[in-house]
Amino acid sequence: MIEVTLPDGSKREYEDGARPLDIAESVSKSLAKKALAARVDGELFDLTRPLERDAAVEIVTAKDPEALELIRHDAAHVLAQAVQELFPGTQVTIGPTVEDGFYYDFARDEPFSSEDFEAIEAKMREIVDADYPIIREVWDKEEAIETFKRIGEDYKAQIIDDIIPPGEPITVYRQGEWFDLCRGPHLPSTGKLPKAFKLMKLAGAYWRGDANNEMLQRIYGTAWTSEKELKAHLTRLEEAEKRDHRKLAGELDLFHLDASAQGSVFWHPKGYQIWLQVESYIRRRISEAGYQEIKTPQLMASDFWRRSGHWDKFRDNMFVVPDFEPSTEGDEVHIPADAELMAIKPMNCPAHVEVFKQGQKSYRDLPLRLAEFGCCHRNEAHGALHGLMRVRQMTQDDAHIFCREDQIVDETRAFCGLLNSVYEDFGFTDVNVKLATRPGIRAGSDDIWERAEADLEEALKATGLPYEIAPGEGAFYGPKLEFHLTDAIGRTWQCGTLQLDFVLPERLGAEYIDESGEKAQPVMLHRAILGTLERFIGILIEECAGAFPAWLAPVQVVVATITEAADDYAREATAALQAAGLRVETDLRNETINRKVREHSVQKVPVIAVVGEREAAERTLALRRFGSKGQEVVSLDTALDNLSWQALPPDLKRADRTESG
RNA sequence: GCCGCGGUAGCUCAGUGGUAGAGCGCACCCUUGGUAAGGGUGAGGUCGGGAGUUCAAUCCUCCCCCGCGGCACCA
């Protein structure tokens, strides 16, 4: 007999080999009917997998968070079975769950087309209707390799061969004629899979994620516990699409991208206004935090990049330019073999070391914080480019802190505090923090890495921010902190970063005189808060769906007239608002007020100030704020006071409050 | 870079082996309207680029470019 503890704390005795399903049935018929799997001492079990010993057992139903995971995993299996039935000769590989769904990677010579989706989904529904019991089997490793090879599943055989340690048993799940290597657990039968699934997209994916391997065909799907949830998810996706910064860029006239400069942004007046606001804000914040701003060259000699170590490691992604005068005759450019090479800077750090090296530095000069809104170019792979999120020309809010090793923790702490405060000002609360540790290929001794990682973690802990470790993701010269933000459709992008570097100062010979008069090497902290202005603004656009807070809005107020009779007053009001520091436009067009309100609302202008004969006579403004249907009639003077205060950037608001407080 | 899909008016999109259409926008005219589209008229296109098949290509085939979704990459 075995003793089972149920979630309410009660204990019951069962026969040896009792299955979670038996336990569910003994509790109630309805529970058995709803049961999808079980949690046995914390581990997920199939309903029909016999218990081996006394355990705490919890029945998992569609309500539990694990349910989605199970459903998606099963959906992947059903997809694979359907595909293999419809397209004989297709090999299966792996099919995990992902956020909101699942995918399965197939090997097949013919490409799939999204037009196949309908047939595949129909076949999947057939498999669900057939209600095949899903049976867990434990196989011997050699036997498994043998079997998968025999039926032509070379990828599966390879997975078993490479990934499963020898001696360890292998579990295979069988549904009808079809079976797949899988860790499980699974639903008791295919009929338990809700038909709330949909195949979403088709993509290529390298076998084992390695670009040197062959490319498989990946089919993505989404799966939910009910039709209603599926529908809600699809609606969410539609909504998210409306927030896409590339779409909003066109609608709000912020910027455009063009093949003539792929990966580089053409900022329009409105988009650049946002840029300028973001830039001046961050400039005030870092200046206040003790940084000094510098500007370094765009184009530097290849020798320099060789010394910094970038030439060997990143040359493929650098724009290299020969230093010679090309002939002006004809179109062809012949570069002489002995032409010196230069490269457009892909990053600012080596140049900052050069600035640091000018003149002799004392320990008293440290920490020295050099900042630059450095415009860098990286020759990113074509397939990597993505709107503002991944560009070839980018401007970082970059800075390098040169300090002593014992200053690392304080500097890191101060940086994290500053970053947090900045993200809050922009309204980002959902920040994903990672500590990226030493990669396989790296510079510097293990001893240094050990200390560096410990220092970063200590400082990170002090901030109280939740974080996760990203093993092996560090830069080649040191570990880093990464601050990721999420875009409209849930993709996360690294924005802020702080990287410890013990290597570059040594490589480029940066040194200072320490307290005992000896030469010493500073540590370098590479750090950015926004990351690149491009990406940050991209995220910002999606975060607010184009409805910028007043301080960032390209146009803060539109003065719109009802009749020509109010034109003069509208001009006067506009001038007064401009004089109060606001970004104002006037709309004197021969259009109805309805149309003007509609158009400026669509443009998401924070405030529309309507003026007609009444306002002109009374020297008032009828203010209509974005997102509200009502209006508020105030005197011009009151409007000037209120609006100009409301449009202040958050840091200046704080300063203003302190002064007046 | 790799796999799949796409590229038609400023924008969103329809369409056909016989050289193109809608809505919005734009221009002009009428209208001076009180809080999300007033009315009329008109202009606007090498159908991404190149080559091929054909009597004839925006449509079919091939190559290239760019975009989109993934993968790989991301100092």
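A note on names: the letters A, B, ... follow the listed sequences, proteins ahead of strands, and every chain is numbered from 1.
Using a 4.0 Å heavy-atom cutoff across all strands shown, A:Y477 reaches sugar-phosphate atoms only and no base atom. Among the atoms of the strands shown, base atoms are found under 4.0 Å from some heavy atom of A:N317. A:Y220 comes within contact range of the sugar-phosphate backbone alone, with a heavy-atom separation under 4.0 Å but no base atom that close. At the heavy-atom level, A:K313 lies nowhere under 4.0 Å from the strands shown. Note on A:E564: a base of the nucleic acid sits closer than 4.0 angstrom, heavy atoms only. Nucleic acid contact for A:G309: none, since no nucleic acid atom lies under 4.0 Å from a heavy atom of the residue.
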Could you pull out every donor-acceptor pair under 3.5 Å between side chains of residues 469-481 of chain A and any protein atom, sequence neighbours left out?
unit_1 : atom_1 : unit_2 : atom_2 : d
A:Y477 : OH     : A:Q499 : OE1    : 2.3
A:K480 : NZ     : A:E482 : OE2    : 3.4

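When distances run from any side-chain atom of A:P346 to the nucleotides B:rA72, B:rC74, B:rA75, the shortest one goes to B:rA75. Here the nucleotide nearest the side chain of A:A622, chosen from B:rU35, B:rA72, B:rC66, is B:rU35. Of the candidate nucleotides B:rC71, B:rU35, B:rA75, B:rC71 has the atom lying nearest to any side-chain atom of A:M215.
Where RNA chain B pairs in unbroken runs of 3 or more (Watson-Crick or G-U, both distances under 3.5 Å), the stems are B:1-7 with B:65-71, B:10-13 with B:21-24, B:26-30 with B:38-42, B:48-52 with B:60-64.
If you check the side chains of A:N348 and A:Q396, you find a donor sitting under 3.5 Å from an acceptor. For the residue pair A:R72/A:Y103, the side-chain donor-acceptor check at 3.5 Å is not satisfied. With no hydrogens or angles considered, no side-chain donor-acceptor pair links A:T492 and A:T486 at under 3.5 Å. Using a 3.5 Å distance cut-off with no hydrogens or angles, the side chains of A:E613 and A:T563 do not pair a donor with an acceptor. For A:R218 and A:Y220, the side-chain atoms include at least one donor-acceptor pair closer than 3.5 Å. Checking A:H484 against A:Q494 by side-chain atom types alone, no donor-acceptor pair falls below 3.5 Å.
At least one side-chain nitrogen or oxygen of A:R595 sits closer than 4.0 Å to the OP1 or OP2 atom of B:rG38. Checking the phosphate oxygens (OP1, OP2) of B:rG70, no side-chain nitrogen or oxygen of A:H386 falls inside 4.0 Å.
In this structure, A:I593 and A:L216 both approach RNA chain B, and ranking their closest nucleotides by distance from the 5' end singles out A:L216. Residues A:R614 and A:A211 each lie close to RNA chain B; by heavy-atom proximity, the contact nearer the 5' end of the strand is made by A:R614.
Straight-line distance from the CG atom of A:D253 to the C1' atom of B:rC24: 16 Å, rounded to whole Å. Rounded to whole Å, atom P of B:rA36 lies 14 Å from atom NZ of A:K596. Atom CZ in A:R598 sits about 10 Å away from atom P in B:rA36, given to the nearest Å. For the pair A:R491 CZ and B:rC73 C1', the computed distance is 16 Å after rounding to whole Å. Whole-Å rounding puts the A:E251 CD to B:rA36 P distance at 20 Å. At whole-Å resolution of the value, NZ in A:K247 and P in B:rC68 are 14 Å apart. Distance A:D398 CG to B:rA75 P: 13 Å, rounded to the nearest Å. Atom CZ of A:R246 and atom C1' of B:rC68 are 7 Å apart (whole Å).
A distance of about 33 Å separates the C1' atoms of B:rC71 and B:rU58, rounded to the whole Å. The separation of B:rG52 from B:rG10, taken at their C1' atoms, amounts to 33 Å, rounded to a whole angstrom. Here, B:rC74 and B:rA57 have their P atoms 48 Å apart, quoted to the whole Å. Using C1' as the reference atom, B:rC24 and B:rC5 are 27 Å apart when rounded to the nearest Å. With both ends at atom P, the span from B:rA9 to B:rC59 equals 15 Å, rounded to whole Å. Rounded to a whole angstrom, the distance from the C1' atom of B:rC26 to that of B:rC11 is 11 Å.
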Distances under 3.5 Å only, N/O to N/O: pair up the protein atoms with those of nucleotides 5-12 of chain B.
none

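Tested against A:Y155 for a side chain to side chain donor-acceptor pair (under 3.5 Å), the candidates A:Q91, A:E214, A:R208 yield a single pass: A:E214.
Note that CD of A:Q217 is 5.5 Å distant from CZ of A:F112, once rounded to the nearest 0.5 Å.
Below the 3.5 angstrom threshold, one finds no donor paired with an acceptor across the side chain of A:R218 and the base of B:rC3. Taking 3.5 Å as the limit, the base of B:rC74 and the side chain of A:R535 contain no donor-acceptor pair of atoms between them. At a cut-off of 3.5 angstrom, the base of B:rA36 holds at least one donor-acceptor pair with the side chain of A:R624.
Relative orientation of the A:F266 and A:H256 rings is parallel, given thresholds of 30° and 60° on the angle between their planes. Ring orientation note: the planes of A:F402 and A:H400 are tilted relative to one another, at an angle of 30° to 60°.
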Would you sort out whether A:F415 and A:Y291 count as a ring pair (Phe, Tyr, Trp, His ring centres under 6.0 Å), showing the intermediate values?
CA-CA 11 Å; A:F415 170 75; A:Y291 291 78; 8.1 Å; no

